[in-house]
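The block underneath contains the structure these notes are about, expressed in structure tokens.
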Amino acid sequence: MLDPSVLPPNVLIQTARLGVTLRGLLKLKVILIEKFGAAAFLEMSTADVNTKWVEEVTAERQCRLVEMEELVAPEDVAPPIYFISHTWMNKASRLFEYVLNYLSNASDTVTVWLDILCVNQHEDTAAHPLDVHPHSFSSVVAACSAGTLVVMDAGVVSPATRAWCIFEWAHTLLLHGSDGLHLHIKAEDRAAVLSSINVAEAKCYKEEDKVMILSEVCLHHNSPEVFNTKLKLQLLPEPLSYRVDVQRLTERAAAMGTQWVFDEVDAWLATSNRVLCITAGAGEGKSTISAALCSHQQQQKQQNPAAATLLSGNAATVSACHFLKYSDERRLEPIRIIKSLAFQLAERIPCMGEQLLHLDAEEVARMREVEQAFTKLLLQPLQNLKQQTQQRPVVLLIDALDEADPPGLQLALTNGGKPTGPTPCGNLALKLVVDHLHHLPPIVRFIFTTRPDAATSQVLPCLERTVHDSIVQYLTPSELQSVKSGGSSSSHSHGGVMVYHTVLAACEGGASMPQNLRRPMLLLLLQLLLPST
């Protein structure tokens, strides 16, 4: 996709800074109803609103509607947070209603980018070609930090059949990950939406726009068919996104000058041992190592050269990952874990993607039983995969098994308590491993990270009992990291709490702080930081 960082500054100013608040959007809806009447407004398409109102009221000044202060107050114009994806052929009243209802619990100062309001609609102006240029579109999507809200209204035409809409969806997924695409499709409608995605056949109001979209698709996805497959795979299992986690963790490691040495991981892969477990206490770098293992070095350098962690050994061994997080219920649900792993494997292994796309989309959307989801999405596709003799090992990484412990148990451990025993079926992620994941074919290997006191100190014995026909190999973060200092690096660090060192490095004046005050202050900060690390 297009890189907004290469855009001229004037393009960024004219596009990415123009959003309208929900308060301003509601005022515009009232103005439209007053002008056309409630009954007539209900029947108007977005295209009608543009030609019969937007173009007319902006004709004299030849400007964007959001620049008309008599219609949109200056305090209601600000950089956008949400990009609104919709089709002009559907009802404008439904567009306003959908956006305002979806964001009804948000502050009325939350801003959205809506093309009929934020793009100059006069083709003979200097601003119009800049506003509709692909680079401008890319910069707007990138600037909308909350992602894209899809107005899934198929009253006249489905957005999935419009070239601009599906192009916007794919662009959002590239820039913000699956968490950034707010696309809600009913289970019974999902199969129809997926089957209708075909960028080569999708309709476009302007032929030159269609040519541009297909050119971009071929440039960045090789062919329309590859583009279609990638988008369908995103929409079928509705995977979770770990983009923010990986970026935050790799940037933290880069700030500390950390170098990862993965020779021990390579050595484990060369053995027949099926499980590698990285154990350490809170804040000692387990999740940071997971992020490094899940990130291809080249991708990191392309996306953020300054934050690229230096890697040694085979750092791209992980086929699919899942980052557990106690504060995110979605991350703790076994079916969401299965769907997210299946999606990542389907992206990396084409034949597995083909198998998943043959499943009934409505059935996948309605899955409520862990056994069913595991069998259909992971077990059967991977069983077919193992028949390919050239297939490399499939490595699944699950980070922070301790984060899946029940909140009461985690609180007790944090406060220094000693629970008498594990809660039955309390750690659902560990239960998923024991009951299902370890039944995957032998080509599947596992990397887990955890605190050793997870599941009331039963997590490690539990893993050993589960893979009784193999050996669980253990490593610690200090065996995989070396800290660069003064232009040189040691083969391994001496351990310690990474978050502690991060806070120490970030505290201005830390070196001049008296030693007897520095440590208590840092420990206080750690108590605040560790629950989120």
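As the structure is a computational prediction, the values presented were derived from the model and not from experiment. The chain is numbered in sequence order, starting from 1.
- Side-chain contact between Trp164 and Met212 is present, with at least one heavy-atom pair separated by less than 4.5 Å.
- The backbone N or O of Ala400 lies less than 3.5 Å from a partner atom in the side chain of Thr449, making a donor-acceptor pair.
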Side-chain donor/acceptor pairs under 3.5 Å, residues 226-237, sequence neighbours excluded:
{"from": "Asn228", "atom 1": "OD1", "to": "Val199", "atom 2": "N", "distance (Å)": "3.0"}
{"from": "Asn228", "atom 1": "ND2", "to": "Pro224", "atom 2": "O", "distance (Å)": "3.2"}
{"from": "Thr229", "atom 1": "OG1", "to": "Glu225", "atom 2": "O", "distance (Å)": "3.1"}

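- To the nearest 0.5 Å, the span separating CZ on Phe448 from CG on Leu397 amounts to 9.0 Å.
- Residue pairs that meet the side-chain hydrogen bond (donor to acceptor under 3.5 Å, both in side chains) test with at least one member in residues 334-347, sequence neighbours left out, do not exist here.
- The main-chain N or O of Phe446 is never found under 3.5 Å from a side-chain atom of Arg274 such that the two would form a donor-acceptor pair.
- Without hydrogens or angle criteria, Asp405 side chain to Asn427 main chain gives no donor-acceptor distance under 3.5 Å.
- The closest donor-acceptor contact from the side chain of Gln473 to the backbone of Leu276 lies at 3.5 Å or more, if one exists at all.
- Put simply, CG on Asp399 and CG on Leu293 are 10.0 Å apart, with the number rounded to the nearest 0.5 Å.
- When side chains are defined from C-beta on, Leu428 does not count as touching Val370, because their heavy atoms never get closer than 4.5 Å.
- Under the ring-ring contact (aromatic ring centres under 6.0 Å, His included) criterion, His468 pairs with no residue, sequence neighbours left out.
- Side chains of Leu378 and Leu345 form a contact here, defined as non-hydrogen atoms less than 4.5 Å apart.
- Residues Asn273 and Val467 are not in side-chain contact: their nearest non-hydrogen atoms beyond the backbone lie 4.5 Å or more apart.
- Partners of Thr476 according to the side chain to side chain donor-acceptor pair (under 3.5 Å) rule, which considers only residues two or more places apart in sequence or in another chain, are Ser478, Glu479.
- For residues 333-379, the ring pair (Phe, Tyr, Trp, His ring centres under 6.0 Å) pairs, not counting sequence neighbours, are Phe374-His436.
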task = Give the C-alpha distance, both sets of side-chain angles, the deciding distance and a yes or no for ring pair (Phe, Tyr, Trp, His ring centres under 6.0 Å) between His86 and Tyr98.
result = CA-CA 10 Å; His86 67 106; Tyr98 192 97; over 10 Å; no
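- Applying the ring-ring contact (aromatic ring centres under 6.0 Å, His included) rule to Tyr242 yields the partners His322, Phe323; only residues at least two apart in sequence or on another chain are considered.
- Side-chain contact between Thr450 and Leu460 is present, with heavy atoms from C-beta onward closer than 4.5 Å.
- Cys144 approaches Phe83 most closely through the heavy-atom pair SG-N, 3.6 Å.
- Using a 4.5 Å heavy-atom cutoff, the side chains of Ile81 and Ser145 are in contact.
- Inspection of the Gln372 and Glu363 side chains reveals an N or O donor paired with an N or O acceptor under 3.5 Å.
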Side chain to side chain contact (heavy atoms under 4.5 Å, CB included) between Val364 and Leu356, intermediate numbers included = CA-CA 10 Å; Val364 173; Leu356 291 186; over 6 Å; no
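- The NE2 atom of His221 lies 6.5 Å from the CG atom of Leu174; values are rounded to the nearest 0.5 Å.
- Side-chain contact annotation: Tyr102 with His184, donor-acceptor N/O pair under 3.5 Å present.
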task = Take Val434 and Cys462 through the side chain to side chain contact (heavy atoms under 4.5 Å, CB included) test and state the conclusion after the steps.
result = CA-CA 8 Å; Val434 172; Cys462 185; 3.5 Å; yes
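- When all heavy atoms of Val151 and Pro159 are compared, the pair lying nearest together is O-CG, 3.6 Å.
- Rounded to the nearest 0.5 angstrom, Phe262 CZ and Trp268 CH2 are separated by 12.5 Å.
- Leu332 and Ala404 make their closest contact through CD2-CA, 3.9 Å (heavy atoms, listed as atom of the first residue, atom of the second, distance).
- Between Lys325 and Asp328 no salt bridge is recorded (no basic side-chain N to carboxylate O distance below 4.0 Å).
- Note that CD1 of Ile471 is 7.5 Å distant from OG of Ser272, once rounded to the nearest 0.5 Å.
- Contacts of Ser196 classified as side-chain contact (heavy atoms from CB on, under 4.5 Å), with partners at least two apart in sequence or in another chain: Ala160, Thr161.
- Sorted by first and then second residue, the salt bridge (Lys or Arg N to Asp or Glu O under 4.0 Å) pairs with a member in residues 188-198 read Glu188-Arg366, Arg190-Glu238; sequence neighbours excluded.
- Thr279 OG1 to Leu401 CG: the interatomic distance, rounded to the nearest 0.5 Å, is 11.5 Å.
- Looking at residues two or more places apart in sequence or on another chain, you find a salt bridge (charged side-chain N to carboxylate O under 4.0 Å, His left out) between Asp153 and Arg94.
- Scanning all heavy atoms of the two residues, the minimum distance from Glu264 to Leu480 falls at CB-CD2, 3.9 Å.
- Under the side-chain contact (heavy atoms from CB on, under 4.5 Å) criterion, Ser107 pairs with Thr109, Val110, not counting sequence neighbours.
- Scored by the side-chain contact (heavy atoms from CB on, under 4.5 Å) test, Ala191 finds Ala361 as partners (sequence neighbours excluded).
- Summarising the geometry of Ala202 relative to Ile166, their closest heavy-atom pair is CB-CD1, 4.2 Å, with the distance given to 0.1 Å.
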key: Worked verdict on Thr288 versus Thr258 for side chain to side chain contact (heavy atoms under 4.5 Å, CB included)   = CA-CA 10 Å; Thr288 310; Thr258 303; over 6 Å; no
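- In this view, Ser85 and Glu168, Trp169 satisfy the side chain to side chain donor-acceptor pair (under 3.5 Å) rule, not counting sequence neighbours.
- Here the closest non-hydrogen pair linking Arg331 and Ser241 is NH2-O, 3.7 Å.
- Counting only distance, with no hydrogens or angles, the side chain of Asp179 and the backbone of Leu240 share no donor-acceptor pair below 3.5 Å.
- The existence of a salt bridge linking Asp402 and Lys286 is excluded, since no basic side-chain nitrogen approaches an acidic carboxylate oxygen closer than 4.0 Å.
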ask   = Between Met367 and Leu377, is a side chain to side chain contact (heavy atoms under 4.5 Å, CB included) present by the stated rule, with each step listed?
value = CA-CA 11 Å; Met367 284 180 174; Leu377 300 179; 4.0 Å; yes
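- Between Pro381 and Lys376 there is no side-chain heavy-atom pair separated by less than 4.5 Å.
- With a 6.0 Å radius and a threshold of 12 heavy atoms from other residues, nucleotides or ligands, Asn105 has its CG atom at or below the threshold.
- In this structure, Glu216 and His171 have side chains that are not in contact, with every pair of non-hydrogen atoms separated by 4.5 Å or more.
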